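Just so it is clear, the model here is predicted, and its values are computed rather than measured. Numbered from 1 within each chain, the chains take letters A, B, ... in sequence-line order.
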Amino acid sequence: MSSQQCDTLADLILEALELGRPGAVRAVVDDHSRGCATCARRAGTLRSMAAGLDPTPPVTDSGFVAKVLAEIRGVEDDSRSRLPPPWQVLGAIGLLVVLAAGVLSHHTPDADAPWHTKALTGFVDQALGFLGVLSAGLTGVWESVAPGKALPILAVCAALATVLNVAFAVGAWRRRKQTVE
Amino acid sequence: MEVVAEWFLRAASYGTVFLSSLAAMTLIAAAAPGLVGRERRAARSGMRRCFLWGVVFALNCVLLAAVLARIDGAVGNVLALTILVGLLVVSLAGLGAIATEVGHRVLLLADREAASDLARLAVGTTVLFTVAVIPVFGWLVLTGAVLTGIGAFLDVAVEDTRPTRRPEPLAARHEVRA
């Protein structure tokens, strides 16, 4: 087979692509290249080009070497564009709960309390006042609709909203997964 | 005279809310500039979805807080306060992105395409809070911005909780396609 006139490989690749079977193109190229030196050379060149175009592996480690490699490769640090990991968020929430519990346990709504106590717990009064108004308002609305059943209705509404919220999160999760794939 | 004093007090408290919100949003934008950019993209690509999710999330938080506040003892109050604080943080993080987007579009009207993010945030927040002074319409606009921001933040948060995957080598991808 003349090295300059071999167009067989292109035809074979097109046919293999039409099959749409995984691995068909590679099998066809390997089969043909065994008996054709020109196509073996061409395939080798293309494979080395493809290997050369491979992206640099991302730096997954956060150690010193990884940081130096990222610096050399010019990889941008995207840690500032991502939210903190879940354990940090949960830790912050836990800290907030502990602090709030600490303040509330020592909190007594006393009008005659010294100014420094008022300064410390004044915001708690405001927040609790807001919470009380919110809760009483929502309960009052349902109380007028169904007397005596306001709390169960509120609880059911809260549960429904939670389910909807989770559904939105799952939907977003799946959409992101499809985008990545 | 009392009426004037009352209006002055209202204006002062509104101004305080505006300034403290702007300060908090600036802090968030400075701490995570990339996050704000991604929230803006999320809001632009699916504004209706973000708004709906924001509505659901806000309702969820408010209802849970209202139910927990009915529980006797400090535990319910502590949890309810935590939920409300969380909602406030998420709202500010989301509103910052929406305000930056609004500011960007407003500054485009003045042919200021290359304005800084800080200027966009300040202009957007000022516009939104000033519009919110108008009864009903303004309230709806600001509420819509907050809820869309909440949804955009949650969208980005879900993206961040997904583990990042290493991209496959190009040769391997060719192999799979073949």
Side-chain angles (χ1 to χ4, degrees), chain A residues 13 16-17 21-29 47 50-51 53-55 57-58 60 78 80-86 93 96-98 100-101 104-105 124 127-128 130-132 134-139 151 154-155 157-162 164-165 167-169 171-173 175-177 180, chain B residues 31-38 42 46 49 52-70 74-82 84-86 89 93 151 153-162 164-178:
Chain A
I13 288 174
L17 279 175
R21 207 170 54 227
V25 171
R26 177 172 284 271
V28 162
V29 170
R47 278 177 183 150
L53 286 172
D54 270 356
T60 51
D78 68 339
R80 289 176 72 212
S81 73
R82 290 177 69 83
L83 287 172
I93 291 171
L96 183 67
V97 168
V98 170
L104 276 178
S105 64
V124 179
L128 286 177
F130 173 71
L131 200 58
L134 177 81
S135 186
L138 282 173
T139 313
L151 199 57
L154 260 186
C157 287
L160 277 176
T162 308
L164 268 176
N165 211 359
F168 264 103
W173 180 279
R175 202 171 48 253
R176 292 289 170 197
K177 192 178 172 189
V180 169
Chain B
L35 178 76
V36 173
R38 284 162 56 216
R49 188 187 65 241
L52 277 177
W53 196 355
V55 170
V56 168
F57 185 78
L59 273 177
N60 193 4
C61 288
V62 168
L63 286 171
L64 277 178
V67 171
L68 286 169
R70 308 293 296 181
V75 178
N77 278 336
V78 168
L79 290 177
L81 282 178
T82 308
L84 287 184
V85 169
V89 171
F153 177 86
L154 294 174
D155 207 42
V156 170
V158 167
E159 185 184 345
D160 277 0
T161 52
R162 284 188 59 77
T164 49
R165 292 189 349 169
R166 289 169 70 103
E168 291 176 58
L170 202 60
R173 271 185 273 161
H174 282 301
E175 203 170 321
V176 171
R177 280 183 198 149

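- Put simply, the side chain of B/Leu52 reaches to within 4.5 Å of the side chain of A/Phe168, judged on heavy atoms.
- Residue contact with chain B, scored on non-hydrogen atoms closer than 4.5 Å, involves the side chain of A/Leu151 exclusively.
- When all heavy atoms are compared, the tightest approach of A/Ala158 to B/Val67 is CB-CG2, 4.4 Å.
- A/Leu134 CG to B/Leu84 CG: the interatomic distance, rounded to the nearest 0.5 Å, is 6.5 Å.
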Derivation and outcome, side-chain contact (heavy atoms from CB on, under 4.5 Å), residues A/Leu138 and B/Leu63: CA-CA 8 Å; A/Leu138 282 173; B/Leu63 286 171; 4.3 Å; yes
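- In terms of heavy-atom proximity, B/Thr82 sits nearest to A/Ile93 at CG2-CG2, 3.9 Å.
- Closest approach of A/Ala172 to B/Trp53, counting heavy atoms only: CB-CZ3, 3.8 Å.
- In this structure, chain A has heavy atoms under 4.5 Å from both the backbone and the side chain of B/Val62.
- Taking each heavy atom of A/Ser135 and B/Ala66 in turn, the nearest pair found is OG-O, 2.9 Å.
- Top candidate by heavy-atom pairs under 4.5 Å with chain B, chosen from A/Thr162, A/Leu154, A/Val28, is A/Thr162.
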